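Each residue takes its place number in the sequence, starting with 1. Just so it is clear, the values below take in all heavy atoms, side chains as well, and ignore hydrogens, waters and symmetry mates. Given the structure is predicted, the values throughout are model-derived calculations rather than measurements.
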Amino acid sequence: MKKNKLFLLLLILSLIVPVGLPATTVKAETEYTYTQDGVEYLIHEYDDGSRSIQWYQSTDQFQGTLYVFVTATGEGYVTYTPDNGVAYTISLDDLMAMYPDMSLSPSASPSPSPTPTAASPAISSKSIELKVKKTKTLSVKNYTGKIKWSSSNKKVATVSQKGKVKAKKAGTAVIKAKCTTISKTFTCKVKVCKKYTQAMVRKKILSFKKKYPEGKSWTNSKYYLWKVIYTRCYGCVALVGRISDKIFGKKTKVKRHHSFAKIKSGDHVRIGNYHSVMVLKKKGNTLTVVEGNYNSSVHWGRKIKKSELQADGFYVETRY
């Protein structure tokens with residue numbers, strides 16, 4: 001990936017709304033700094049194809065840290081954290097929708113310093129989490145020789161000689177990749193989770209009523225690092241993130257959609273890009289939710305109609 005594609009033009013900060021601060025969670029493959037016009041940029045390129053840039057900006061209008069995170073598929077966030085205020089974020093898609101003529105052309109063509117050294121052989125993932133019947137293919141990076149794959153517990157997870165892991169039943173197993181050419185063996189710990197039903201998820205959500213009771217103070221001062229979506233969350237999103245990770249596991253992936261018909265218990269619904277709720281249940285065209293920072297507190301049982309969501313706009317993040 002060319003380094004000059006990492007640079008984006010400075011963005012219009014007055015349009016940015018508070019929704020949380022992005023944070024990369026995958027191990028960096030390349031990290032370097034680049035200085036231009038007296039400003040030092042910290043740049044990362046990650047194993048999964050994503051990249052980020054962070055720098056400190058000081059002008060007459062604002063002083064603070066700017067952070068750009070872009071995934072391998074082109075989705076991302078831009079965040080501004082002022083010296084004496086809260087972080088503000090907007091997605092690249094939303095920004096470009098408002099300013100379709102804004103250029104994302106590079107403003108410089110830096111070269112990394114120091115030049116990264118050749119990487120050693122390593123397994124693609126040291127630990128993975130799968131639901132029953134799901135699969136994931138492992139590999140050994142920076143190695144082209146023969147590999148013998150094996151599983152410590154075939155009742156929990158099997159692996160083919162091409163590295164394809166298949167989850168069989170709940171439990172743990174260790175997948176081994178024996179690299180015969182270099183006489184090294186790499187391992188990956190596999191955790192297989194049972195498939196969740198909506199009834200099971202609702203029961204788990206309700207179990208949090210003791211920890212997060214009705215009326216408990218909950219404002220934007222509440223913070224949670226929701227790693228699976230690369231976001232530092234505040235207020236309403238922080239409550240959703242905490243409960244979601246406890247129920248589904250921190251490594252369970254999130255999928256986004258915009259369909260009311262597909263909403264399930266435990267889903268995160270973002271309303272109008274200003275408020276987040278977790279779904280307790282859906283009946284007909286009505287959702288019953290739990291939420292934080294509703295009148296500065298935790299609130300259980302509010303009902304939201306489909307027409308309200310459609311009027312404000314919404315998206316759904318699910319872990320099913």
To check you understand the geometry: which heavy-atom pair defines the closest contact between [X] and [Y], and what is its length?
X      : Y      : result
Lys210 : Pro213 : O-CD, 3.7 Å
Ile175 : Ser151 : CD1-CB, 3.7 Å
Thr172 : Asn153 : O-ND2, 3.8 Å
Leu130 : Ala167 : CB-CB, 3.9 Å
Gly266 : Val201 : CA-CG1, 3.7 Å
Val192 : Ala157 : CG2-CB, 4.5 Å

So how far is it from [X] [atom1] to [Y] [atom2], rounded to the nearest 0.5 Å?
X      : Y      : atom1 : atom2 : value
Asn295 : Ser217 : CG    : OG    : 12.0 Å
Lys146 : Lys148 : NZ    : NZ    : 8.5 Å
Ser125 : Lys189 : OG    : NZ    : 14.5 Å
Lys262 : Tyr320 : NZ    : OH    : 15.0 Å
Lys283 : Lys303 : NZ    : NZ    : 8.0 Å
Met278 : Ser244 : CE    : OG    : 4.5 Å

Non-neighbouring partners of Phe260 that pass ring pair (Phe, Tyr, Trp, His ring centres under 6.0 Å), sequence neighbours left out =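 Checked Phe260 against ring pair (Phe, Tyr, Trp, His ring centres under 6.0 Å); zero matches.
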query = Can you name the ring pair (Phe, Tyr, Trp, His ring centres under 6.0 Å) partners of Trp218, sequence neighbours left out?
reply =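 Trp218: ring pair (Phe, Tyr, Trp, His ring centres under 6.0 Å) contacts with Tyr212.
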message = Going by ring pair (Phe, Tyr, Trp, His ring centres under 6.0 Å), name the pairs with one or both residues in residues 161-204, residues two or more places apart or in two chains.
response =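 Of all non-adjacent pairs touching residues 161-204, those that pass ring pair (Phe, Tyr, Trp, His ring centres under 6.0 Å) are Tyr196-Phe248.
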request  = Would you mind listing every ring pair (Phe, Tyr, Trp, His ring centres under 6.0 Å) that reaches into residues 279-310, with sequence neighbours excluded?
outcome  =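 For residues 279-310, and leaving out neighbouring residues, the ring pair (Phe, Tyr, Trp, His ring centres under 6.0 Å) pairs sorted by first residue read Tyr294-His299.
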Suppose the criterion is salt bridge (Lys or Arg N to Asp or Glu O under 4.0 Å): which pairs have a residue in [range], not counting sequence neighbours?
range            : result
residues 310-320 : Asp245-Arg319, Arg256-Glu317
residues 157-181 : none
residues 286-295 : Glu291-Arg302

task = Kindly indicate, with the supporting measurements, whether the criterion side chain to side chain contact (heavy atoms under 4.5 Å, CB included) is fulfilled by Ile304 and Thr286.
result = CA-CA 6 Å; Ile304 304 174; Thr286 303; over 6 Å; no
inquiry  = Ignoring hydrogens and geometry beyond distance, is a side-chain donor-acceptor pair present between Ser276 and His268 at under 3.5 Å?
reply    =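 Yes, His268 and Ser276 have a side-chain donor paired with an acceptor closer than 3.5 Å.
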query = Hey, what else clusters with Val174 if you join Ile, Leu, Val, Met, Phe, Trp, Tyr whenever side-chain heavy atoms sit under 4.5 Å?
reply =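 Traced through the cluster, Val174 reaches no other member.
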inquiry  = More than 12 heavy atoms of other residues, nucleotides or ligands under 6.0 Å from NZ of Lys191: yes or no?
reply    =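 For Lys191, atom NZ is not crowded (no more than 12 foreign heavy atoms under 6.0 Å).
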key: Test side chain to side chain contact (heavy atoms under 4.5 Å, CB included) applied to Val289 and Val269, step by step   = CA-CA 9 Å; Val289 304; Val269 179; over 6 Å; no
Is any side-chain heavy atom of [X] closer than 4.5 Å to a side-chain heavy atom of [Y]?
X      : Y      : value
Tyr315 : Ser259 : no
Val290 : Phe208 : no
Val237 : Tyr224 : no
Arg242 : Lys246 : no
Thr180 : Ile147 : no
Arg270 : Cys236 : yes
Glu129 : Cys193 : yes
Val254 : Thr318 : no

Considering residues at least two apart in sequence or located in another chain, which fulfil the side-chain contact (heavy atoms from CB on, under 4.5 Å) criterion with [X]?
X      : value
Ala199 : Thr197, Arg202
Ser124 : Leu138, Ser139
Lys211 : none

message = Checking Lys203 now: which residues fulfil side-chain hydrogen bond (donor to acceptor under 3.5 Å, both in side chains) with it, not counting sequence neighbours?
response =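 Testing Lys203 for side-chain hydrogen bond (donor to acceptor under 3.5 Å, both in side chains), a comparison that skips the adjacent residues, returns none.
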key: Worked verdict on Trp226 versus Val240 for side chain to side chain contact (heavy atoms under 4.5 Å, CB included)   = CA-CA 9 Å; Trp226 202 355; Val240 174; 3.9 Å; yes
message = Test your reading of the model: is there a side-chain donor-acceptor pair from Asp267 to the backbone of Val279, 3.5 Å cut-off?
response =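 Checked: no pair found.
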message = Quick check against the 3.5 Å criterion: does Thr219 have a side-chain atom that pairs as donor or acceptor with the backbone of Ser296?
response =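 No: the side chain of Thr219 does not pair with the backbone of Ser296.
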task = Please state whether the rings of Tyr234 and Tyr223 are parallel, tilted or perpendicular, taking 30° and 60° as the class boundaries.
result =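 It falls in the tilted class, 30° to 60°.
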query = Checking side chain to side chain contact (heavy atoms under 4.5 Å, CB included) for the pair Cys188/Ile128: CA distance, chi angles, key distance, verdict?
reply = CA-CA 7 Å; Cys188 173; Ile128 59 175; 4.0 Å; yes
request  = State plainly whether one hydrophobic cluster holds both Val132 and Met200, where clusters connect Ile, Leu, Val, Met, Phe, Trp and Tyr through side-chain heavy atoms under 4.5 angstrom apart.
outcome  =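 Cluster IDs for Val132 and Met200 differ.
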